[in-house]
Amino acid sequence: MAKRSAKRRQSSGEFNSGHYQDEQTKVRALFPGTSWSPDDKEPMRDQRYMKNVKPRSEGQAKLMAAIDKHSMVMALGPAGTGKTYLAVAKAVEQLEKGDVSRIVLSRPAVEAGESIGFLPGAMEEKLAPYLRPLYDALSDRLSPKRLKALMAEGLIEIAPIGYMRGRTLNNAFVVVDEAQNCTYGQLKMLLTRLGWHSTMVVTGDPAQTDLLPEMSGLAGIAEKLEDVPDIGVIRLQAEDIVRHPLVASMLDVL
């Protein structure tokens, strides 16, 4: 019935001004108190997905500068200092700029104190739970569609540490996460995979290894590489922690 009456008004040229005014009163501003419009070229807030990464501490600033300057960087520090996030952010930045042709992510498949048994699926599916922190950092820098496309094209590669021997990683940004769970031999093998026009960032916390203390090789290799020129060894401290303030307080007493 309403459609018929509307058609009759249209055919007769009638205009219901009262109805129009009532509808106008239902309109509400999307952002009250501003003149923002979707058509504006410069909206009132940043609408881009990519966010500019800025250091939040002096240690983080040193780490970002070291990644820009050196082809090999080792970032050691307690939990919450942004080691993994900054490394992945720099990797995405260089990939988008065309400085490297791919990102290689590697992380030891070591459980944190308990065994969860065998996992089903292909290699990527088996490693997915262990690489979740790296995926989270990538998801914060790339849209889901872009991330899925890059992984499908092989521009973001998941490389298990056990399958890295014999490879030469040219024109790549390599991130080795949780390196405190690597033995001395594994780290030596990983570090010597570095190829031309590549950058490798090794992150880890020597104080939180899931291996026996004498098996972890991160602390020993970092001490030896500090004397090697053109290799950056950045040691982050408790004041560089950017998580909840209680994290720094707990690490002081634990």
Side-chain angles (χ1 to χ4, degrees), residues 50 53 60 62-76 82-109 122-128 130-204 217-218 221-222 225 228-234:
M50 290 286 290
V53 177
Q60 289 189 351
K62 292 180 180 179
L63 175 58
M64 296 179 70
I67 295 175
D68 292 333
K69 181 179 179 182
H70 302 292
S71 297
M72 173 74 69
V73 177
M74 302 195 71
L76 284 68
K83 305 181 298 294
T84 301
Y85 185 86
L86 292 178
V88 172
K90 281 294 184 180
V92 173
E93 178 183 323
Q94 291 196 17
L95 180 65
E96 295 292 339
K97 289 168 58 178
D99 295 338
V100 296
S101 61
R102 56 180 170 158
I103 297 174
V104 180
L105 306 176
S106 189
R107 191 172 187 262
M123 180 185 67
E124 290 80 4
E125 295 172 323
K126 292 178 184 296
L127 288 173
Y130 302 102
L131 295 170
R132 188 70 254 177
L134 297 175
Y135 286 131
D136 291 340
L138 284 170
S139 300
D140 195 66
R141 306 305 303 157
L142 297 167
S143 65
K145 182 178 180 181
R146 175 71 170 155
L147 176 58
K148 186 176 180 179
L150 290 175
M151 295 190 68
E153 296 172 7
L155 299 183
I156 296 180
E157 177 187 352
I158 307 301
I161 288 178
Y163 299 156
M164 290 286 282
R165 186 174 295 280
R167 299 189 62 183
T168 301
L169 302 174
N170 293 319
N171 198 26
F173 195 108
V174 186
V175 178
V176 181
D177 191 36
E178 299 292 342
Q180 75 273 6
N181 290 331
C182 295
T183 63
Y184 188 96
Q186 286 177 325
L187 281 175
K188 182 179 178 180
M189 180 270 294
L190 287 169
L191 297 177
T192 53
R193 301 306 97 202
L194 186 66
W196 291 101
H197 309 293
S198 294
T199 299
M200 179 178 291
V201 180
V202 181
T203 69
L218 180 60
I221 281 187
L225 293 183
V228 178
D230 298 328
I231 293 182
V233 179
I234 307 300

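Every heavy atom of this structure was used, including side-chain atoms; hydrogens, water molecules and symmetry mates were not. Since we're looking at a predicted model, the values are computed, not measured.
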Side chain of [X], backbone of [Y]: donor and acceptor closer than 3.5 Å?
| X | Y | answer |
| --- | --- | --- |
| S198 | N171 | yes |
| Q186 | T183 | yes |
| R193 | M189 | yes |

For [Y], is there an ion pair with [X] - N to carboxylate O distance below 4.0 angstrom?
| X | Y | answer |
| --- | --- | --- |
| K148 | E153 | no |
| K69 | D230 | no |
| E157 | R167 | yes |

[atom1]-[atom2] distance between [X] and [Y], expressed to the nearest 0.5 angstrom:
| X | Y | atom1 | atom2 | answer |
| --- | --- | --- | --- | --- |
| R107 | N181 | CZ | CG | 7.5 Å |
| L76 | I234 | CG | CD1 | 10.0 Å |
| I158 | L134 | CD1 | CG | 7.0 Å |
| M74 | T203 | CE | OG1 | 9.5 Å |

Open item on the list: For a quick test of reading the model, state the closest non-hydrogen atom pair linking L155 to S101 and the distance between them.
Closed with: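 It is CD2-O, 3.4 Å.
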Task: Exercise: do D136 and Y85 side chains pair donor with acceptor under 3.5 Å - done: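 Checked: D136/Y85 side chains show no N/O donor-acceptor pair below 3.5 Å.
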- [ ] Indicate whether any N or O donor in one side chain lies under 3.5 Å from an N or O acceptor in the other, for E178 and Q180.
- [x]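 Yes, side-chain donor-acceptor contact under 3.5 Å.
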